[in-house]
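Right, one structure below, let's go through it.
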Amino acid sequence: MKKKLYIETYGCQMNIVDSEIVVSILSEQYQVTTEMNEADLFLINTCSVREHAEQRIRKRLRELNALKKRNPYLIVGLLGCMAERLKEQLLNEEATLDIIVGPDAYRTLPQLIEEATIGKHGVNVLLSKEETYDDIVPVRYDSNHVSAFISIMRGCNNFCSYCVVPYTRGRERSRDPETILQEAEILQQKGYKDITLLGQNVNSYRWNDHGKEIYFAQLIELIAQKFPNIWIRFATSHPKDISDDLIDVIAKYDHVCKHIHLPVQTGSNNMLRKMNRVYTREYYLERIKTIKAKIQDCSITTDLIIGFCGEKEADHQETLSIMQEVGYSSAFMFKYSVRENTKAAKEFENDVTEQDKSRRFNEVLDLQQQLSLESNQKDIGKTFTVLVEGVSKRSEDHLFGRNSQNKVVVFPKNNHNIGDFVSVTITQCTPATLIAE
Ligand code: SAH
Ligand code: SF4
Ligand code: F3S
């Protein structure tokens with residue numbers, strides 16, 4: 001009989017796939033349980049992107065002390081970005097932990113776990129220039145069997161001055177397209193209808209195939225041609241690599257979804273320069289213009305950082321105005337959080353007062369709420385195809401799914417099922433949801 005593994009995942013979508021890879025690596029010895037009291041092994045896949053993310057995990061580790069007191073044989077492992085950032089230091093700080101494993105070292109988990117069973121604490125936080133886990137088939141242990149993520153590249157070379165990711169995930173590297181197609185094939189055979197290609201900068205994908213370069217646009221085209229009945233999504237795109245080729249390929253195929261998540265971070269050129277984002281407001285807006293001209297009904301979403309070092313009222317106003325100019329259909333908004341050892345932490349002063357940060361944050365939030373509502377109101381009366389992902393949380397008689405624009409749509413169940421493509425007409429909306437018939 002296999003031992004029981006309980007795994008908890010924090011942070012971004014990359015971490016969700018990484019957890020699926022970890023479950024695959026451990027699948028000979030362990031099977032996943034959803035009951036943490038019966039776990040032999042408790043893994044927690046962590047995020048370091050903001051202070052708050054780490055605090056949540058620290059709190060969770062304290063809660064695990066009680067579980068470990070009840071079951072002294074329980075092995076607790078910390079994976080992911082926080083493991084990479086804090087390394088063995090965590091073993092001293094968090095008595096609950098037996099092993100610490102960084103994002104590129106998951107293949108060594110079986111060995112580290114075995115050593116932990118005889119009381120030896122293990123740490124492996126080596127980063128790799130090559131590791132993409134491309135031969136490992138992720139175990140989709142927490143899946144709706146309709147949509148899945150495929151990791152196509154790892155790491156980041158951009159060193160935005162505020163960001164911890166290049167330090168926790170290491171250098172950028174892309175995965176062999178053959179293995180990406182194989183993974184998509186397996187998903188298709190299992191009945192999956194929607195894949196999301198993932199990378200920290202997914203559109204910086206680049207593979208050299210015997211002297212021929214394959215860029216992200218070509219990769220999408222390869223997948224689109226081979227899988228005409230699967231919806232293809234992707235995240236996260238960096239503005240610097242939104243090429244015309246990529247925009248054209250999104251426009252060309254109906255089943256390449258009409259949604260681009262394009263983090264702008266701020267509307268101010270001063271702030272963009274300080275953030276090392278390597279584009280200007282004007283460049284970004286030109287890309288948006290091209291997207292809107294070439295792709296019909298493309299939704300654009302973004303990430304925003306509020307209150308970065310030296311942000312003045314005028315910079316903040318530029319953020320508000322770029323939001324309006326683009327008309328984002330939704331956005332993730334964050335107050336700037338200082339991350340140790342980044343360029344911003346070392347060289348810039350975190351000088352926006354908490355009061356200003358909060359006020360600006362609320363102004364950004366309010367504006368986005370209004371933009372999301374406007375974007376959704378424009379859809380009333382339109383007809384969309386929706387891929388059904390589940391039963392609505394609010395009502396058993398309703399299903400929910402996403403359309404090509406990545407908007408959540410809720411509609412009456414009738415005789416439709418999870419995994420169906422259903423044509424619906426939008427009748428009402430909230431800022432977060434489209435309601436349809
Ligand atoms: N690679 C992606 C996103 C990575 S992290 C990209 O470059 O777009 C996701 C988001 O977290 C970022 O887009 C940014 O908005 C936010 N973020 C990263 N570091 C942050 C920090 N120190 N404080 C606040 N938000 C941060
Ligand atoms: Fe962080 Fe910038 Fe890399 Fe995104 S592109 S992960 S924000 S360093
Ligand atoms: Fe967090 Fe690491 Fe993802 S820092 S956002 S889990 S890459």
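Whatever order the structure lists them in is the order used to number ligands and atoms, beginning at 1. Starting from 1, each residue takes its place in the sequence as its number. No experiment lies behind these values; they were computed from the predicted model shown. Values reported hereafter were calculated over all heavy atoms of this structure, with side chains retained and with hydrogens, waters and symmetry mates removed.
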How many angstroms lie between atom CD of Gln370 and atom CG of Leu365, to the nearest 0.5 angstrom?
12.0 Å
Rounded to the nearest 0.5 Å, how far apart are CD of Glu20 and CG of Asn15?
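That separation rounds to 11.0 Å.
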Run through ligand 1 for me and note each protein residue having a heavy atom under 4.0 Å from it, chain first, then residue number.
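The 4.0 Å shell around ligand 1 contains Val49, Arg50, Tyr162, Gln200, Thr236, Pro263, Gln265, Arg277, Asp303, Ile305, Phe334, Lys335, Tyr336, Ser337, Arg339.
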Go around atom 3 (Fe) of ligand 3 and count every protein N, O or S atom nearer than 2.8 Å.
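Every protein N, O or S atom under 2.8 Å from atom 3 (Fe) of ligand 3 counted, the figure is 1.
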Under 2.8 Å from atom 3 (Fe) of ligand 2, which protein atoms of type N, O or S occur, listed by chain and number?
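Near atom 3 (Fe) of ligand 2, below 2.8 Å, one finds Cys156 SG.
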Provide the number and element of each atom of ligand 2 under 4.0 Å from a heavy atom of Arg277.
2 (Fe), 5 (S), 7 (S)
Would you check if [X] and [Y] make a side-chain contact, meaning some heavy-atom pair closer than 4.5 Å?
| X | Y | value |
| --- | --- | --- |
| Met275 | Ile305 | yes |
| Gln188 | Ile230 | yes |
| Ile242 | Ile247 | yes |

Strictly by salt bridge (Lys or Arg N to Asp or Glu O under 4.0 Å), give each pair with a member in residues 254-280 just once, sequence neighbours left out.
none
With the threshold set at 4.0 Å, does a side-chain nitrogen-carboxylate oxygen contact exist between [X] and [Y]?
| X | Y | value |
| --- | --- | --- |
| Lys292 | Asp297 | no |
| Asp351 | Lys312 | no |
| Glu325 | Arg281 | yes |

Quick test: of every protein heavy atom, which one is nearest to atom 7 (S) of ligand 2, and how far off is it to 0.1 Å?
Tyr162 OH, 3.3 Å
Testing the 3.5 Å rule here: is there a donor-acceptor pair between the side chains of [X] and [Y]?
| X | Y | result |
| --- | --- | --- |
| Glu282 | Asn269 | yes |
| Asn201 | Asn158 | yes |
| Tyr167 | Ser48 | no |

Tell me whether the rings of Phe334 and Phe332 are parallel (<30°), tilted (30 to 60°) or perpendicular (>60°).
parallel
Mind checking whether Phe348 and Tyr162 have ring centres under 6.0 Å apart?
no
